[in-house]
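The structure appears right after this line, and notes come after that.
Chain A is the first sequence line, chain B the second, and so forth, proteins listed ahead of strands; every chain is numbered from 1. Predicted, not measured: the structure shown is a model, and the values here were computed from it.
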Amino acid sequence: MPDGKTMTVPTGTTGGELASKIAKSLGNAAIALKLDGKVCDLATELQDGNAVEILTRDHELALELIRHDTAHVMAEAVQILFPNTQVTIGPSIENGFYYDFHKSEPFTPEDLSKIEAKMRDIIAKNENFVREVWSKEKAISFFKEKGELFKVELIEALPEGEPISIYRQGDWLDLCRGPHLPSTGKVGTSFKLMSVAGAYWRGDAKNPMLQRIYGTAWRNQKELDDYLHMLEEAERRDHRRLGKEMKLFHQQEESAGNIFWHPRGWTLFRTIESFLRGRFLNDGYREVKTPILYDSSLFKASGHWDLYGDNMFKVNLGDEKYLGVKPMNCPAHVQIFKQGIKSYRDLPLRLSEFGCCHRNEASGAMHGIMRLRGFTQDDAHIFCREDQITQEALRYFKLQIGIYEDLGFPRDRLKVKLALRPDESKRVGSDELWDKAEKGLRDALEAEGLEYEDLPGEGAFYGPKVEFHLMDAIGRSWQCGTIQLDFNLPERLDAEYVGEDGARYRPVMLHRAILGAIERFIGILIEHYSGKFPMWLAPVQAVVTTITNDADAYANSVLKMLLDNGIRAEIDTRSEKIGYKIREHSLEKIPLLIVVGKKEEESNQVVLRYLGEEQQLTLSCADAVKHILEQCAIPQRKD
RNA sequence: GCUGCCGUAGCUCAGUGGUAGAGCACUCCCUUGGUAAGGGAGAGGUCGGAGGUUCAAGCCCUCUCGGCAGCACCA
């Protein structure tokens, strides 16, 4: 037992019987066992020497069982209501579960409520989940006869000799590894079917599309309510909604996948850009600007035309002559490197660019300003010698982590992944080069002590990459920064430098971005701060507004003082009530309102009112400017 | 791109074959009010686009463009 005690029970005693023996209440509350650290059915027979822990609904592992069982109950409900439906798989996932069905008619929202009602019936019946072990032959012939062809495919893929477990709940059963709760009644009622969407069988676009029903399930009503409330909150801070409300940008169908930046949004964009520019120049980068359009020959040489061409915008000039819109900046930066003869003394050469790239993303991939067809990368390419790779990668990690922190993302919101070589048909360069490149990045990650996860097959066609992912408000993970090690492009585009010995060598190229796409990062920032930016980022830092029009002239003099000090300020002298004006600017998330009336004019003062705070601060004009300037300061790092 | 849903006023949305609606925003008038909505009046629509069915289409059908939720993709 967890408390260190030992219990002796007759052979064949199940976990559930043990729980009841310890205490009747525990017997009722028990939902599963942990036997020697592994979660098992309550009905599992105990073996001599088992370390036993009895799990109740309050245990954190209970959620996974509840969700998985809810998926089973849903599958039964669906097959009762829609007998011609085939079941496939239905796992528990973060916050809930899903089940994929094959059915010729689509599920409608009304179907979802019918299914939910039927699920509640099944739960009320409280049938036991009973585990059975079948032979592979029996399982295959049973499911074949039922017409469950997807299940048959799953069973056929199971290794020979492996026991095939079936879980029965009343008249219904499903192939399942388990474990399960003791009965359907233990699922509880705190669940909700959320949505239906298509999903490819086995996650492959070549396979038929199934219908996936998503649901959420929790231990109790309060947890469910909290979760639904969290979803509402996430919706409130959705960058698409806030972008409109805060007058930052808009999008329209004539230019799908692109952004019209409005004055405030563009101010935010430029603020971030100049913040980055300062950091980059300070870290030894030299900024460049390269063309958007190129003759196809450049992309053919780089490999983009063949390996990335499907995602490129191409312009046909007739006579087989094509221009390509750049999807990446790397080939261009190599052209700059190649101008004139480079010496080993020039290395590492760090070329940065706020590069405008265009990629023909699939229509379904686009998402607000997070995933676009036209975007700006905070891109750079570092040309260096092989022995400089680790130091350059470390330098990048340090620069990047500092920038993330200053933008409001501490390290715990950061996940690091190492994407390794893709399939042979989708990569360039020899295996030796890939070995070297992957090792180079791994060494740097380990030197920095960053925890990371391997992603086999996910690398770029020219090299492996380290990906930095940030979590957004809705829990989605966005790839932001990336550093990629590339031995191939310098070769393909014939970049070289003169070494100490006078011979010619290939430089290594490190591709790196910190925010990734600035547009996407702004989307993440909007959701992260729910639009309430820190002063230094806010597009409009202060609005001066008047109690009555008598104070307009004074208000204008205050505005001029702010503008003269470089504070991004606007003025509102409309003849509306002060409460109305405050409400309006608060909804636009203006961080600071400066209210002036006759009283302030007479004393040469201003009243500061910060967003969301009722407390007011009365200061002399000079003190106010000093105070505001401190709050608007761009974060600095000296090291 | 695939599956499903959606597209009506600047925005959020109602409108199930019979004369296009609401709230907010906008314009004008009144109001000059001390910290999250003062009052009144007015203007605003080829119902995403094209074709079809029908005496009649915002509504039904086909195609198309765009959006949303997923899936696939994200070099």
Side-chain angles (χ1 to χ4, degrees), chain A residues 98 100 103 105-109 111-112 194-214 235 238 240-241 244-245 250-257 302-304 306-312 327-328 330 357 359-368 370-373 375 419 422 426-428 457-465 467 478-479 482 484 486 511 516-517 520 545-552 573-588 593-600 607-616:
Chain A
Y98 67 79
D100 286 349
K103 173 170 172 285
E105 292 298 307
F107 290 111
T108 65
D111 290 342
L112 289 194
M194 304 296 286
S195 61
V196 52
Y200 296 109
W201 167 236
R202 299 191 145 183
D204 190 332
K206 289 193 278 293
N207 288 340
M209 182 157 275
L210 307 169
Q211 295 189 58
R212 174 173 298 178
I213 301 181
Y214 281 96
E235 205 179 312
D238 189 307
R240 292 164 297 189
R241 167 197 289 260
K244 211 176 285 174
E245 286 176 6
H250 87 272
Q251 297 176 276
Q252 67 187 54
E253 58 183 87
E254 286 84 351
S255 187
S302 70
H304 288 84
D306 290 335
L307 287 157
Y308 198 66
D310 287 349
N311 288 309
M312 284 178 62
M328 303 180 202
C330 29
C357 297
R359 301 176 182 180
N360 192 4
E361 299 287 359
S363 57
M366 266 130 33
H367 176 83
M370 302 281 214
R371 188 85 180 268
L372 293 161
R373 288 192 175 137
F375 55 94
K426 289 182 188 158
R427 66 176 193 245
V428 293
E458 304 271 312
F461 72 80
Y462 46 75
K465 58 178 181 174
E467 298 177 355
W478 294 100
Q479 186 190 317
T482 175
Q484 312 173 356
D486 180 3
H511 306 236
R520 166 185 293 186
T545 186
T546 46
I547 302 288
T548 69
N549 291 117
D550 293 343
D552 286 2
T573 52
R574 289 174 305 169
S575 49
E576 294 290 351
K577 287 193 172 181
I578 189 64
Y580 179 91
K581 292 196 275 194
I582 284 172
R583 174 180 157 80
E584 200 160 85
H585 296 120
S586 298
L587 288 173
E588 285 177 5
L593 297 181
I594 300 179
V595 180
V596 295
K598 267 271 161 270
K599 219 161 63 186
E600 287 70 29
V607 173
L608 305 189
R609 185 192 197 280
Y610 288 91
L611 179 59
E613 290 177 22
E614 285 178 14
Q615 209 180 344
Q616 298 161 31

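Listed candidates were B:U35, B:C73, B:C71. Nearest to the side chain of A:E361 is B:C73. Of the candidate nucleotides B:G38, B:A36, B:U35, B:G38 has the atom lying nearest to any side-chain atom of A:K577. Here the side chain of A:A365 is nearest to one of B:C71, B:C73, B:A36, namely B:C73. Among the nucleotides B:A69, B:G1, B:C71, the one closest to the side chain of A:S363 is B:G1. Side-chain proximity of A:E576 to the nucleotides B:G38, B:C65, B:A36 is greatest for B:G38. Minimum atom distance to the side chain of A:E253 is reached by B:C65, of the listed B:G67, B:A36, B:C65.
Atom-to-atom, CD1 of A:I547 to P of B:G38 comes out at 14 Å; the value is rounded to the nearest Å. One atom, CE of A:M194, and another, C1' of B:C71, lie 18 Å apart when rounded to the nearest Å. Nucleotide B:G33 holds its P atom 13 Å from the NZ atom of A:K599, rounded to whole Å. A:R371 places its CZ atom 16 Å from the C1' atom of B:G67, with the value rounded to the nearest Å. The separation between A:M209 atom CE and B:A72 atom C1' is 7 Å, rounded to whole Å. Across the protein-nucleic acid pair, A:E467 atom CD and B:C73 atom C1' stand 13 Å apart, rounded to whole Å. Taking atom CG on A:D100 and atom P on B:C2, their separation rounds to 19 Å, with Å as the unit. At whole-Å resolution of the value, CG in A:L307 and C1' in B:C73 are 16 Å apart.
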Where do N or O atoms of nucleotides 9-16 of chain B meet protein N or O atoms at under 3.5 Å, pair by pair?
unit_1 : atom_1 : unit_2 : atom_2 : d
B:U12  : OP1    : A:K244 : NZ     : 3.2

Using atom names, set out every protein N or O paired with an N or O of nucleotides 23-31 of chain B below 3.5 Å, distance rounded to 0.1 Å.
unit_1 : atom_1 : unit_2 : atom_2 : d
B:A25  : OP1    : A:Y580 : OH     : 3.4

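B:C11 and B:A25 have their C1' atoms separated by 7 Å, with the value rounded to a whole Å. Between the C1' atoms of B:G18 and B:U31, the separation comes to 46 Å (whole Å). Comparing the P positions of B:A41 and B:G67 gives a spacing of 41 Å, expressed to the nearest Å. Comparing the same atom, C1', in B:C73 and in B:A56 gives a spacing of 47 Å after rounding to whole Å. One C1' atom belongs to B:G15, the other to B:G51, and the distance between them is 25 Å to the nearest Å. B:G49 and B:G66 are spaced 10 Å apart, taking the C1' atom of each and rounding to whole Å. Rounded to whole Å, the C1' atom of B:G45 lies 32 Å from the corresponding atom of B:A36. The same atom, P, is picked in B:G58 and in B:U19; the two are 10 Å apart, to the nearest Å.
Using a 4.0 Å heavy-atom criterion, one finds that A:G368 contacts the sugar-phosphate atoms exclusively. A:V196 comes within contact range of no nucleotide atom at all, as no heavy-atom separation falls under 4.0 Å. Nucleic acid contact class of A:Y214 (heavy atoms, under 4.0 Å, all strands): sugar-phosphate only. Nucleic acid contact class of A:Q616 (heavy atoms, under 4.0 Å, all strands): base. The residue A:G579 sits close only to the backbone: its heavy atoms come under 4.0 Å of sugar-phosphate atoms, none of a base. Within the nucleic acid shown, A:E600 comes within 4.0 Å of at least one base atom, counting heavy atoms only. Using a 4.0 Å heavy-atom distance criterion, A:R609 is classed as a base contact. Residue-level contact check: A:D204 touches neither bases nor backbone, having no heavy atom under 4.0 Å from any strand. Residue contacts shown for A:K465 are limited to sugar-phosphate atoms, with no base heavy atom under 4.0 Å away. Counting non-hydrogen atoms under 4.0 angstrom, A:G203 reaches the backbone sugars and phosphates but no base.
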Nucleic acid footprint by protein, nucleotides 40-46 of chain B - heavy-atom cut-off 4.0 Å, B for base, S for sugar-phosphate alone:
-------

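Across every non-hydrogen atom of A:V196 and A:Q211, the tightest pair is CG2-OE1, 4.2 Å. Here the shortest heavy-atom pairing between A:E600 and A:V595 reads CG-O, 4.1 Å. Between A:P422 and A:G459 the shortest heavy-atom distance is CG-O, 3.6 Å. Contact detail for A:G368 and A:Q251: the closest heavy-atom pair is O-NE2, 3.1 Å.
Remark: the A:N549 side chain and the B:U32 base include a donor-acceptor N/O pair separated by less than 3.5 Å. Residue A:R240 places no side-chain atom within donor-acceptor reach of the base of B:C68, judged by atom type and a 3.5 Å distance cut-off alone. One cannot find a donor-acceptor pair under 3.5 Å joining the base of B:G70 and the side-chain atoms of A:Y200. Put simply, the side chain of A:Q211 and the base of B:G70 share no donor and acceptor less than 3.5 Å apart.
Taking a 6.0 Å sphere around CD of A:Q252, one finds it holds more than 12 heavy atoms contributed by other residues, nucleotides or ligands.
The residue among A:E614 and A:T548 whose nearest nucleotide of RNA chain B is located toward the 5' end is A:T548. Remark on RNA chain B: of its neighbouring residues A:Y462 and A:T108, the 5'-side contact belongs to A:T108, judged by nearest-heavy-atom nucleotide.
Within the 4.5 Å cutoff, no side-chain heavy atoms of A:Y610 are placed close to those of A:Q615. Taking the side chain as every heavy atom from C-beta outward, A:L307 and A:R427 never approach each other to under 4.5 Å.
Here the rule is side-chain hydrogen bond (donor to acceptor under 3.5 Å, both in side chains) with A:E361, and of A:H367, A:R373, A:R371 only A:R371 fits it.
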Which dot-bracket string describes RNA chain B (Watson-Crick N1-N3 plus N6-O4 or O6-N4, or G-U N1-O2 and O6-N3, all under 3.5 Å; [ ] crossing; | other strand)?
(((((((..((((....[..)))).(((((.......))))).....(((((..]....))))))))))))....

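There is a side-chain donor-acceptor pair under 3.5 Å between A:N549 and A:D552.
The aromatic rings of A:Y462 and A:H511 lie parallel to each other, their planes meeting at an angle below 30°, with 60° marking the opposite boundary.
Residues passing the ring-ring contact (aromatic ring centres under 6.0 Å, His included) test with A:Y200, sequence neighbours excluded: none. For A:F107, the ring-ring contact (aromatic ring centres under 6.0 Å, His included) criterion is met by A:F82, A:F101, not counting sequence neighbours.
Between A:D238 and A:R240, at least one side-chain nitrogen of the basic residue sits less than 4.0 Å from a carboxylate oxygen of the acidic one, meeting the salt-bridge criterion.
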